Colleague: 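I am attaching a structure below and will ask some questions about it afterwards.
Not measured: the values here are computed from a predicted model.
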Amino acid sequence: MTGMSRARVARRIAAGAAYGGGGVGLAGAAAVGLLVAEAQLARRRVGNGATPFVPNADGLYGAAYTVPGVPALRLTMLGDSTAAGQGVRRAGQTPGALLASGIAAIAERPVGLSTVAVPGARSDDLDRQVTRALADPARVPDVCVIMIGANDVTHRIPATRSVRCLSSAVRRLRTAGAEVVVGTCPDLGTIEPVWQPLRWLARRASRQLAAAQTIGAVEQGARTVSLGDLLGPEFEANPRELFGPDNYHPSAEGYATAAMAVLPTACAALGLWPAEEERPDASRREGFLPVARAAAEAASEAGTEVTAASPTGPRGPWALLKRRRRRHMPEPERTPVAE
């Protein structure tokens, strides 16, 4: 699918989500029925979340930066097993721990991590998760990172419903005062035991949903980071290194790759990134685009950020597309949450 075609599909899905439509399917709903048996076989082979253990990474990171009277920054992880860190054994290997440590090092300020993400979650669980994240009005997160979408694709949730749920979650968090970064749907076409033509359909569906998620999230004031093509080629080339033992969830190296992509955007949302890097760099093919076109490009480009921009044009809202430089992730040092 070309970038322009993906932009058109993403616009249709996002419009359907905004105006209550539900008729836009992913990658041709008629073809999906023919592949159910193959999908079930692939799910059994990869485990699809069969590993039950998820490390508890909640706690304070960067405690050495504590200054009396200066509160810690608050980071909350929402979404599915990818946001929770399923597939690794140690808390410090989860994306939440890696992001908290990275933000603390750059801000030189401690970061308190809270995780409300749930393995197996689909976008319709975000409403419940947001309620948990905002349970204490005096402790609204400074930044929330949402990683969601894979289970929507594998369970054939209509893309319009997925985007509607995500947009609503972003709107609630932004209204409460939190910055929001969305890691869009990963490329499910890279899961090793999945064969053609299911692999092709999974990749197409993943990218369509990622582009539509970008439009819906950005229009509600979030920044998005493409995870699909960031992890995709690396997973495909190094499945033994970047997938966990179940061949479905990322390994520690895979989560580190994802966290390195999200970290610059999370820091930019908090006003911590160098000012000179906030300007678009034409040599890196950064710039202002209609939001649907930016979304389509992001779905095909590793680690690309999309954020709302003020200009508007005949094709609707515009967005700034950036390809940020990634930084080394510090080793997490956590003070656990008191039981």
Colleague: Could you walk me through whether Thr76 and Val145 pass the side-chain contact (heavy atoms from CB on, under 4.5 Å) test, one step at a time?
Modeller: CA-CA 6 Å; Thr76 299; Val145 174; over 6 Å; no

Colleague: Output the distance between atom CG (Leu320) and atom CD (Glu286), rounded to the nearest 0.5 Å.
Modeller: 7.0 Å

Colleague: In this structure, would Val181 and Leu272 fall into the same cluster of hydrophobic residues linked by side-chain contacts under 4.5 Å?
Modeller: yes

Colleague: Heavy atoms only: give me the nearest Ala217-Thr224 pair and the separation to one decimal.
Modeller: CB-CG2, 3.8 Å

Colleague: Which atom names give the shortest non-hydrogen contact between Leu98 and Ala256, and what distance separates them?
Modeller: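 Shortest heavy-atom separation between Leu98 and Ala256 comes out as CD1-CA, 3.7 Å.
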
Colleague: Testing the basics here: between Pro141 and Ala133, what is the closest heavy-atom pair and its distance to 0.1 Å?
Modeller: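 Closest heavy-atom pair between Pro141 and Ala133: CD-O, 3.8 Å.
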
Colleague: Excluding sequence neighbours, so at least two apart, what forms side-chain contact (heavy atoms from CB on, under 4.5 Å) with Ala57?
Modeller: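 With neighbours one apart ignored, the set is Tyr61, Ala91, Thr94, Ala97, Leu113.
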
Colleague: Would you say Arg164's side chain and Ala159's backbone share a donor-acceptor pair under 3.5 angstrom?
Modeller: no

Colleague: Using only atom types and a distance under 3.5 Å, with no angle test, would you say the side chain of Asp142 pairs donor to acceptor with the backbone of Arg74?
Modeller: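 Yes, the answer is positive, given that a donor and an acceptor are paired below the 3.5 Å cut-off.
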
Colleague: What heavy-atom pair brings Pro95 and Ala259 nearest, and what distance separates the two atoms?
Modeller: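 Distance-wise, the nearest heavy atoms are O-CB, 4.4 Å.
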
Colleague: Side-chain contact test, heavy atoms from C-beta onward, threshold under 4.5 Å: evaluate it for Val291 versus Arg293 and give yes or no.
Modeller: no

Colleague: Please list all pairs meeting salt bridge (charged side-chain N to carboxylate O under 4.0 Å, His left out) that have one or both residues in residues 167-177, counting only residues at least two apart or in different chains.
Modeller: Asp127-Arg172, Arg174-Glu179

Colleague: What pairs of residues pass the side chain to side chain donor-acceptor pair (under 3.5 Å) test when at least one of them lies in residues 132-141, not counting sequence neighbours?
Modeller: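 Checked against side chain to side chain donor-acceptor pair (under 3.5 Å) - neighbours excluded - no pair reaches residues 132-141.
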
Colleague: Could you check whether any side-chain N or O of Glu108 sits under 3.5 Å from a backbone N or O of Ala105, counting only pairs where one atom can act as donor and the other as acceptor?
Modeller: no

Colleague: Other members of the hydrophobic cluster containing Leu126, with the 4.5 Å side-chain heavy-atom rule, please.
Modeller: Leu78, Val116, Val130, Leu134, Val140, Ile146, Ile148, Leu166, Val170, Leu173, Val180, Val182

Colleague: Between Ser168 (side chain only) and Cys165 (backbone N and O only), is there a donor and an acceptor less than 3.5 Å apart?
Modeller: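 No; zero donor-acceptor contacts below 3.5 Å.
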
Colleague: How does the hydrophobic cluster around Val118 look, that is, which other residues are in it when side-chain heavy atoms under 4.5 Å mark a link?
Modeller: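 Answer for Val118: none, a lone residue.
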
Colleague: Write down the atom of Gly112, the atom of Ala72, and the distance for their closest heavy-atom approach.
Modeller: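 Closest approach of Gly112 to Ala72, heavy atoms only: N-CB, 4.2 Å.
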
Colleague: Treating Thr214 as the side-chain partner and Ala295 as the backbone partner, does any N or O pair qualify as donor plus acceptor under 3.5 Å?
Modeller: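 Looks like no, no N/O pair under 3.5 Å.
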
Colleague: How long is the gap from CZ on Arg285 to OG1 on Thr304, to the nearest 0.5 Å?
Modeller: 8.0 Å

Colleague: What distance separates Arg207 CZ from Thr184 OG1, expressed to the nearest 0.5 Å?
Modeller: 11.5 Å

Colleague: With Val67, which residues qualify under side-chain contact (heavy atoms from CB on, under 4.5 Å), at least two apart?
Modeller: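 Val67: side-chain contact (heavy atoms from CB on, under 4.5 Å) contacts with Val70.
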
Colleague: Roughly how far, to the nearest 0.5 Å, is CD of Gln129 from OG of Ser123?
Modeller: 9.5 Å

Colleague: As an exercise, state the distance from SG of Cys185 to CE of Met147, rounded to the nearest 0.5 Å.
Modeller: 11.0 Å

Colleague: Kindly indicate whether the side chain of Pro55, heavy atoms from C-beta on, has any atom under 4.5 Å from the side chain of Val88.
Modeller: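 Yes, side chains in contact.
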
Colleague: Do you see a donor-acceptor pair shorter than 3.5 Å between the side chains of Glu305 and Thr265?
Modeller: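 Yes, Thr265 and Glu305 have a side-chain donor paired with an acceptor closer than 3.5 Å.
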
Colleague: For the residue pair Gln220 and Ser167, establish whether any side-chain heavy-atom pair is separated by less than 4.5 Å.
Modeller: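 Heavy-atom side-chain distance check passes, below 4.5 Å.
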
Colleague: Using a 4.5 Å cut-off on heavy atoms from C-beta on, say whether the side chain of Thr307 contacts that of Val218.
Modeller: no

Colleague: Taking atom types as modelled, find out whether Asp187 and Ser206 have a side-chain donor-acceptor pair closer than 3.5 angstrom.
Modeller: no

Colleague: About how many Å separate OG of Ser81 and CG of Asn151, when rounded to the nearest 0.5 Å?
Modeller: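 Result: 6.0 Å between the selected atoms.
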
Colleague: Could you check whether any side-chain heavy atom of Ile106 comes within less than 4.5 Å of a side-chain heavy atom of Trp273, counting everything from C-beta outward?
Modeller: yes

Colleague: Looking at residues at least two apart in the chain, or sitting in another chain, which of them share a salt bridge (charged side-chain N to carboxylate O under 4.0 Å, His left out) with Asp125?
Modeller: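 For Asp125, the residues satisfying salt bridge (charged side-chain N to carboxylate O under 4.0 Å, His left out) (neighbours in sequence not counted) are Arg128.
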
Colleague: Find out whether Ile103 and Leu263 are in side-chain contact, i.e. whether some heavy atom of one side chain is under 4.5 Å from a heavy atom of the other.
Modeller: yes

Colleague: To check you understand the geometry: which heavy-atom pair defines the closest contact between Leu60 and Pro110, and what is its length?
Modeller: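 Scanning both residues, the minimum pair turns out to be CD1-CB, 3.9 Å.
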
Colleague: Please give the remaining members of the hydrophobic cluster of Leu321, linking ILVMFWY side chains under 4.5 Å, ordered by chain and number.
Modeller: Leu289

Colleague: Any side-chain heavy-atom pair from Pro119 and Val54 closer than 4.5 angstrom?
Modeller: yes

